[in-house]
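Take a look at the structure set out below.
To find a chain, count down the sequence lines: A is the first, B the second, and so on, and within it residues start at 1.
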Number of protein chains: 2
Amino acid sequence: MWYIVYNMSQFGAFVRDRRERLRREDSRFSVRQLARRLGVEPSYLSKVERGETAPPSEAKIVLLAKELNEDPDVLLAMAGKVSSDLQEVIRKRPELFGQLIRELKDMPEHAVLRLVREVRDGRW
Amino acid sequence: MWYIVYNMSQFGAFVRDRRERLRREDSRFSVRQLARRLGVEPSYLSKVERGETAPPSEAKIVLLAKELNEDPDVLLAMAGKVSSDLQEVIRKRPELFGQLIRELKDMPEHAVLRLVREVRDGRW
DNA sequence: CTAAACGTGTACTATGTGGTACATAGTATA
DNA sequence: TATACTATGTACCACATAGTACACGTTTAG
């Protein structure tokens, strides 16, 4: 159970760090103003950043990623989530993608990347 | 929102069908006895099968799949879920697997299967 | 024929999720 | 020194999830 708390504060700390960096050059990145753009209360964003509460919903995390110029999948992963559109791909062909992902689970980064490139380049 | 109800009853109907098939030859597959093996109340399993309530938790669905000799990933997909171990694989390398899955999303079955085989046969 | 086993209806509940609302206290600025 | 903005602490809440408990009438097997 502790690793969830760990993830939570990791997520919050990361968001805080990115926001404060941006804030140094742009006052639109105060807790209040960012919260407003996300459509949440400032106190809530503050709690999230301090890891006092769990990360927000997927929709808010995606908005947050856009504001902070970060990869939504990465931010979602830090929050212990997987993007619902990826989940949908798996749900549509569960045997196929289940098998594939389990097969690739422990493959080194470069091998999977090569695979991605080959597929993208239409060699399949 | 309706498609959730649709999924729900699809899941329930499927479970009921499989259970009743097995029951014809084995009285251990009554609602009561199966529920007992799953560790839930019979009335709950009954409601799930009739689509009157949402599908159970991931853990119960996996047990159910074993009892019914069905693929857990398929049953989970019917319940609108993705196995948490697959999610964990994605969460550990979100950019990599995000990219891969989106790339393969619309690929025909046989192409992906070929990929799986090639990987499994160690050609990577 | 009857007792055990069966499926289901109704009512209830603990825990988690995803926040809001408002009060308080510090900080910068003019 | 006022005032205006900032972050944070405290209290609360609606809805979802994942079920339990038990009574009821029905079916079935010995």
Go through DNA chain D in 5' to 3' direction and return only the first and the last nucleotide with some atom under 4.0 Å of chain B's heavy atoms.
D/dA18 to D/dC22

In short, the helix from C/dC1-D/dG30 to C/dA30-D/dT1 is bent end to end, axes from five pairs each side, to 10°, by 10°

Rounded to the nearest 0.5 angstrom, the CG-OG distance for B/L22 and B/S30 is 12.0 Å

Rounding to an integer number of Å, can you tell me how far B/E52 CD sits from C/dG7 P?
16 Å

Just list the side-chain donor-acceptor pairs under 3.5 Å for residues 96-108 of chain B, sequence neighbours left out, or say none.
from	atom 1	to	atom 2	distance (Å)
B/R102	NE	A/D85	OD2	3.1
B/R102	NH1	A/D73	OD2	2.8
B/R102	NH2	A/D73	OD1	3.4
B/R102	NH2	A/D85	OD1	3.2
B/R102	NH2	A/D85	OD2	3.4

Determine, for A/R16 against A/E49, whether the closest basic-nitrogen to carboxylate-oxygen distance falls under 4.0 angstrom.
yes

Where the side chain of B/R32 meets the backbone of B/E41, is there a donor-acceptor pair that is under 3.5 Å apart?
no

Whole-Å distance between C/dG16 C1' and A/K81 NZ?
12 Å

Is the NZ or CZ atom of B/R21 positioned over B/F29's six-membered ring, under 6.0 angstrom from the centre and within 45° of the axis?
no

Side-chain donor or acceptor of B/R50 paired with backbone N/O of B/S46 under 3.5 Å:
yes

Interatomic distance, B/R18 atom CZ to B/L68 atom CG [nearest 0.5 angstrom]:
8.5 Å

Sequence-distant partners of B/R93, side-chain hydrogen bond (donor to acceptor under 3.5 Å, both in side chains), two or more places apart:
none

Strand contacts (DNA chain D) in residues 15-41 of chain B, 4.0 angstrom heavy-atom criterion:
B/G39, B/V40, B/E41

Atom-to-atom span, CG of A/L45 to P of C/dG19 - whole angstrom:
11 Å

In this structure, how many angstroms lie between the P atom of C/dG18 and the NZ atom of A/K47, rounded?
13 Å

Hydrogens and angles aside, do A/S84 and A/E58 bring a side-chain donor and acceptor to less than 3.5 Å of each other?
yes

List for me each residue that meets salt bridge (Lys or Arg N to Asp or Glu O under 4.0 Å) alongside A/E88, sequence neighbours excluded, and say none if there are none.
A/K92

Spell out, as yes or no, whether a donor-acceptor pair under 3.5 Å connects the side chain of A/R23 to the backbone of A/R19.
no

May I ask you to say what A/S57 touches in the nucleic acid, namely base, sugar-phosphate or nothing, with a heavy-atom cut-off under 4.0 Å?
sugar-phosphate

Interatomic distance where OH belongs to B/Y44 and P belongs to C/dT10 [whole Å]
19 Å

